[in-house]
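Working notes for the structure below.
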Amino acid sequence: GAIAATFAASEQPPPAEVIAWHAELAGFDRMSVDYLLLAGRNANARYANQEAINHLERALRLIAGLPETPERTALELRALTMIGVPRIALHGYSSSEVEANYRRIVELAERAGDKEQLFQGLRGLWNCIYDRADLENAKLIADRLCELAVDHPAPEALGLAYRDQLLDPDPHLLRQVGVGGQLLGH
């Protein structure tokens, strides 16, 4: 613990993964999780996908050992969200690893009542299922995305949600396109 605290407070601290390692060895799992998430974010920024996955999987293992609280759910959602893109890059959209990742995001977001994370999880899951050409289930997910997109704070959510419905637009889509055109000044 003292080593990790000294590292974190120094003017030129070592990489986050080094602090995480020392914190974990000292039994400060929660502190280690924070530094592993930082190390994962740093690796993602460098497109070091395998490195990001390694840090974030380690964080997820430590998170699993924390007491079940809303904070733990938030930490797990954060780690799973961060690990999604590197898993896609290494394993492909339709891989079982990617599917499991986004299904877990959906499960946790539903439990937490977090509609933004739910939207993000369903978007990742839709990509996975659609890439497998499981169009029936992709359509079910897309319908759910459309429902969530109506109240989503990001205006681009509507476009993402309705992407697969452009071949067979419904009246709601046409109304939203009209609204989108107004937003864009058309």
Side-chain angles (χ1 to χ4, degrees), residues 1-66 69-109 112 114-132 141 145 149 152-157 159-161 163:
I3 293 173
T6 302
F7 280 160
S10 71
E11 192 171 306
Q12 190 71 320
E17 57 270 23
V18 173
I19 298 172
W21 176 258
H22 285 281
E24 184 179 353
L25 288 176
F28 295 109
D29 290 352
R30 179 62 184 82
M31 176 190 236
S32 183
V33 166
D34 287 337
Y35 281 101
L36 287 167
L37 292 173
L38 177 59
R41 187 183 74 200
N42 293 342
N44 271 339
R46 294 190 316 274
Y47 302 102
N49 296 313
Q50 186 61 62
E51 182 180 339
I53 289 171
N54 291 345
H55 296 315
L56 296 167
E57 284 181 346
R58 198 164 129 217
L60 285 165
R61 283 191 298 276
L62 291 173
I63 290 167
L66 298 174
T69 63
E71 180 190 24
R72 173 185 159 176
T73 300
L75 285 169
E76 188 174 355
L77 274 168
R78 187 170 161 207
L80 289 167
T81 301
M82 291 171 67
I83 205 171
V85 171
R87 281 184 170 156
I88 291 167
L90 288 181
H91 305 292
Y93 273 113
S94 62
S95 71
S96 59
E97 293 90 348
V98 169
E99 179 182 7
N101 190 79
Y102 285 107
R103 284 196 186 279
R104 181 68 176 158
I105 290 172
V106 168
E107 175 189 336
L108 291 171
D114 187 332
K115 290 184 178 183
E116 288 183 47
Q117 288 281 359
L118 179 57
F119 185 88
Q120 189 170 355
L122 286 168
R123 278 291 301 141
L125 186 58
W126 180 87
N127 283 327
C128 179
I129 301 302
Y130 184 81
D131 232 34
R132 292 180 185 161
I141 295 168
L145 282 165
H152 199 283
E156 65 272 11
L160 290 170
R163 183 173 87 172

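The figures that follow rest on heavy atoms only: side chains count, while hydrogens, waters and symmetry mates do not. None of the values given here were measured: they were computed from a predicted structure.
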**Complete:** Sequence neighbours excluded, the answer for side chain to side chain contact (heavy atoms under 4.5 Å, CB included) partners of Arg58 is Ala20, Trp21, Glu24, Ser32, Leu36, Arg61

**Asked** How long is the gap from NE2 on His55 to CG on Leu38, to the nearest 0.5 Å?
**Response** 9.5 Å

**Request:** Say whether Gln50 and Asn54, considering side chains only, have a donor N or O and an acceptor N or O under 3.5 Å apart.
**Result:** yes

**Item:** Closest heavy-atom pair and its distance - Phe119, Ala149
**Value:** CE1-CB, 3.9 Å

**Message:** Please determine whether side chain to side chain contact (heavy atoms under 4.5 Å, CB included) holds for the pair Glu99 and Ile129, giving the CA-CA distance in whole Å, both sets of side-chain angles, and the decisive distance to 0.1 Å.
**Reply:** CA-CA 8 Å; Glu99 179 182 7; Ile129 301 302; 4.1 Å; yes

**Prompt:** Can you tell me if Asn44 uses its side chain to pair, donor with acceptor, with the backbone of Met82 under 3.5 Å?
**Reply:** yes

**Message:** What verdict does the side chain to side chain contact (heavy atoms under 4.5 Å, CB included) test give for Leu75 and Leu37, after you've listed the backbone C-alpha separation in whole Å, the side-chain angles of each residue and the deciding distance to 0.1 Å?
**Reply:** CA-CA 9 Å; Leu75 285 169; Leu37 292 173; 3.9 Å; yes

**Message:** If you compare all heavy atoms of Leu125 against all heavy atoms of Tyr102, which two are closest, and at what distance to 0.1 Å?
**Reply:** N-CB, 3.6 Å

**Complete:** Rounding to 0.5 Å, atoms CD1 (Ile63) and CD (Glu71) come to a distance of 9.5 Å

**Request:** Can you see which heavy atom on Ala79 is nearest to which on Leu56, and at what distance?
**Result:** O-CD1, 4.3 Å

**Request:** Could you list the residues that satisfy side chain to side chain contact (heavy atoms under 4.5 Å, CB included) with Ala48, not counting sequence neighbours?
**Result:** Ala43, Arg46, Glu51

**Request:** To the nearest 0.5 Å, tell me how far Asp29 CG sits from Asp34 CG.
**Result:** 11.5 Å

**Message:** Nearest 0.5 Å, please: how far is SG in Cys128 from CG in Leu122?
**Reply:** 12.5 Å

**Fill in**
Residues Asn101 and Arg87: closest non-hydrogen pair is OD1-NH1, 2.7 Å

**Asked** In Å and rounded to the nearest 0.5 Å, what is the CG to CD1 distance from Asn49 to Ile53?
**Response** 6.5 Å

**Message:** Once rounded to the nearest 0.5 Å, what's the spacing between atom CD of Glu116 and atom OG1 of Thr81?
**Reply:** 11.5 Å

**Message:** Could you report the tightest heavy-atom contact between Ala52 and Gly40, atom names first, then the distance?
**Reply:** CB-O, 3.9 Å

**Asked** Between Leu118 and Ala109, what is the shortest heavy-atom contact and its length?
**Response** N-CB, 3.4 Å

**Request:** Decide yes or no on side chain to side chain contact (heavy atoms under 4.5 Å, CB included) for Asn127 and Asp131, but give the supporting numbers first.
**Result:** CA-CA 6 Å; Asn127 283 327; Asp131 232 34; over 6 Å; no

**Item:** Qualifying residue for side chain to side chain contact (heavy atoms under 4.5 Å, CB included) with Leu77, from Gln117, Arg72, Gln120
**Value:** Gln117

